[in-house]
Amino acid sequence: MKFSAKTDKGSVREINEDYYNIITGYSGIPAVFIIADGMGGHNAGEIASMTSIEHISNSILESPELLSKSTDMAETIKSLIVKANEIVYEKSLELTENHGMGTTLIMAVITGNTMYIGHVGDSRLYIVNKDKMKCITTDHSYIEELIKNGTLTREEAQNHPKRNIITRALGCTADLEVDTYVCKLEENDYIIMCTDGLTTMMNEKEIKDTVIRNTPAVACEELVYGAIRNGGDDNITVIVIKNE
């Protein structure tokens, strides 16, 4: 397995409220990839994204058996994200300037040729090969609801003024619903994990073509700079993994 990651604040935002972490190379712990896209006033989004990922990462590193001995990996991932939600929510109540802060979160655990995913918000995970590009996750967003009920086409959604409104985020409420997925990976599949700072600036064909023709490291560079060339309206974070 080869992988790389890159994050950038983009051309418009003053700070980068995205956060990511990769856990690999630890005995008994499968590969873990996590991305969060924070939201909130002042620097609260940055706090929410960093807090959530640090809690999940520390929990795994301090108790490797959580993943190595899990009999239901999807449920374990969900439990980690739900606990992170509780911590971020409690933190949001401590200071007035943090009230309402939250974050998207997408987490992938790869063991052998199986990938387990936990997801909240509108960050995405794609599986790509030469034949197709499939978005595994479904956005928790206002726009996705309009697409589901037929009010809007996916093409129309690309430039909709309310495309950044999300309907579910970690840390905003005491309770959280987490979507989970289980996927089988084929040899030479690519996995793309990214925040909406990429997907609102580049279309899926541009993303797929960039990943297929490059190494993961070069692909990450090209995707981030492609998003910036197209406007860079938001923070951009991307992880590219090649299953070898």
Side-chain angles (χ1 to χ4, degrees), residues 1-8 16 18-37 49-50 52-54 56-61 64 66-68 70 73-74 76-77 80-81 103-119 121 123-137 180-199 201-202 204 206-228 235-244:
M1 183 170 58
K2 292 181 180 177
F3 58 87
S4 190
K6 186 171 179 62
T7 189
D8 194 281
N16 192 349
D18 287 0
Y19 198 76
Y20 76 89
N21 193 31
I22 296 170
I23 301 173
T24 61
Y26 291 87
S27 178
I29 302 177
V32 180
F33 304 85
I34 322 171
I35 290 179
D37 178 358
S49 60
M50 182 170 61
S52 61
I53 289 186
E54 286 186 347
I56 292 170
S57 301
N58 290 338
S59 297
I60 292 168
L61 293 173
L66 282 173
L67 298 183
S68 63
S70 176
M73 187 70 79
T76 299
I77 291 170
L80 285 165
I81 296 173
T103 182
T104 73
L105 191 135
I106 188 161
M107 173 179 176
V109 177
I110 300 175
T111 173
N113 285 319
T114 304
M115 177 169 58
Y116 302 87
I117 303 158
H119 173 241
S123 294
R124 294 180 183 175
L125 186 147
Y126 294 91
I127 294 179
V128 177
N129 55 45
K130 290 183 178 179
D131 299 319
K132 63 182 179 179
M133 176 174 183
K134 182 179 181 181
C135 187
I136 304 301
T137 53
T180 59
Y181 307 83
V182 181
C183 303
K184 289 296 182 182
L185 299 174
E186 302 294 333
E187 187 176 0
N188 293 322
D189 275 351
Y190 291 86
I191 300 108
I192 305 168
M193 299 171 66
C194 60
T195 58
D196 68 330
L198 176 66
T199 53
M201 293 289 105
M202 295 182 71
E204 292 187 353
E206 290 174 314
I207 295 171
K208 177 191 173 190
D209 291 348
T210 301
V211 168
I212 289 296
R213 69 170 183 260
N214 291 299
T215 64
V218 173
C220 286
E221 294 282 342
E222 290 289 327
L223 290 171
V224 168
Y225 289 123
I228 291 172
N235 306 148
I236 310 141
T237 300
V238 59
I239 297 173
V240 176
I241 307 156
K242 186 176 183 183
N243 185 47
E244 294 184 327

If we ignore angles and hydrogens, is there a donor and acceptor under 3.5 Å between the side chains of Asn113 and Asn243?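 Yes, because at least one side-chain N or O of Asn113 sits under 3.5 Å from a partner of the opposite role on Asn243.
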Euclidean distance, [Y] [atom2] relative to [X] [atom1], rounded to 0.5 Å:
| X | Y | atom1 | atom2 | answer |
| --- | --- | --- | --- | --- |
| Ile34 | Ile239 | CD1 | CD1 | 8.5 Å |
| Ile127 | Lys132 | CD1 | NZ | 8.5 Å |
| Thr114 | Leu185 | OG1 | CG | 7.0 Å |
| Asn21 | Ile56 | CG | CD1 | 10.0 Å |
| Ile228 | Ile236 | CD1 | CD1 | 4.5 Å |
| Met107 | Ser57 | CE | OG | 8.0 Å |

[X] side chain near [Y] side chain, heavy-atom distance below 4.5 Å:
| X | Y | value |
| --- | --- | --- |
| Ile35 | Leu125 | no |
| Ile241 | Lys2 | no |
| Ile117 | Ile77 | no |
| Met202 | Thr210 | yes |
| Val109 | Met73 | yes |
| Leu61 | Ile29 | yes |

Distance-minimising heavy-atom pair for [X] and [Y]:
| X | Y | value |
| --- | --- | --- |
| Thr7 | Asn16 | OG1-ND2, 2.9 Å |
| Ala219 | Asn214 | N-CB, 3.7 Å |
| Ala74 | Thr180 | O-CG2, 3.7 Å |

Test side chain to side chain donor-acceptor pair (under 3.5 Å) applied to Thr137 - qualifying residues, sequence neighbours left out: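 Not a single residue meets the side chain to side chain donor-acceptor pair (under 3.5 Å) criterion with Thr137.
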Which residues share a side-chain contact (heavy atoms from CB on, under 4.5 Å) with [X], sequence neighbours left out:
| X | result |
| --- | --- |
| Asn58 | Glu54, Glu62 |
| Lys6 | Cys220, Glu221, Val224, Tyr225 |
| Ser49 | Tyr19, Ala36, Thr103 |

Whether the side chain of Ser123 engages the backbone of Asp196 through a donor-acceptor N/O pair (distance < 3.5 Å, no angle test) should be reported.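 Checked: no pair found.
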Looking at Lys134, is its backbone amide N or carbonyl O close enough to the side chain of Lys208 to form a donor-acceptor pair, meaning the two atoms are under 3.5 Å apart?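 Answer holds: no.
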For side-chain contact (heavy atoms from CB on, under 4.5 Å), just list the numbers for Arg124 and Ile106, CA-CA rounded to whole Å, side-chain angles, deciding distance to a tenth of an Å, and then say yes or no. CA-CA 7 Å; Arg124 294 180 183 175; Ile106 188 161; 5.5 Å; no
Knowing that exactly one of Thr199, Val240, Ile136 qualifies, which makes a side-chain contact (heavy atoms from CB on, under 4.5 Å) with Tyr126?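 Exactly one option meets the side-chain contact (heavy atoms from CB on, under 4.5 Å) with Tyr126, and it is Thr199.
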Walk me through whether Leu67 and Thr111 qualify under side-chain contact (heavy atoms from CB on, under 4.5 Å). CA-CA 10 Å; Leu67 298 183; Thr111 173; over 6 Å; no
Return a table of donor-acceptor pairs under 3.5 angstrom between the side chains of residues 187-195 and protein atoms on other chains or two or more places apart.
unit_1	atom_1	unit_2	atom_2	d
Asp189	OD2	Glu186	N	2.8
Thr195	OG1	Asp18	OD2	3.1
Thr195	OG1	Thr237	N	3.1

Let's go through Ile110 and Met1 carefully: what are the C-alpha distance in whole Å and the side-chain angles of both, what is the deciding distance for side-chain contact (heavy atoms from CB on, under 4.5 Å) to 0.1 Å, and is it a yes or a no? CA-CA 10 Å; Ile110 300 175; Met1 183 170 58; 4.0 Å; yes
Could you work out, with ring-ring contact (aromatic ring centres under 6.0 Å, His included) as the rule, every residue matching Phe33, not counting sequence neighbours?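 Result, ring-ring contact (aromatic ring centres under 6.0 Å, His included) vs Phe33: Phe3.
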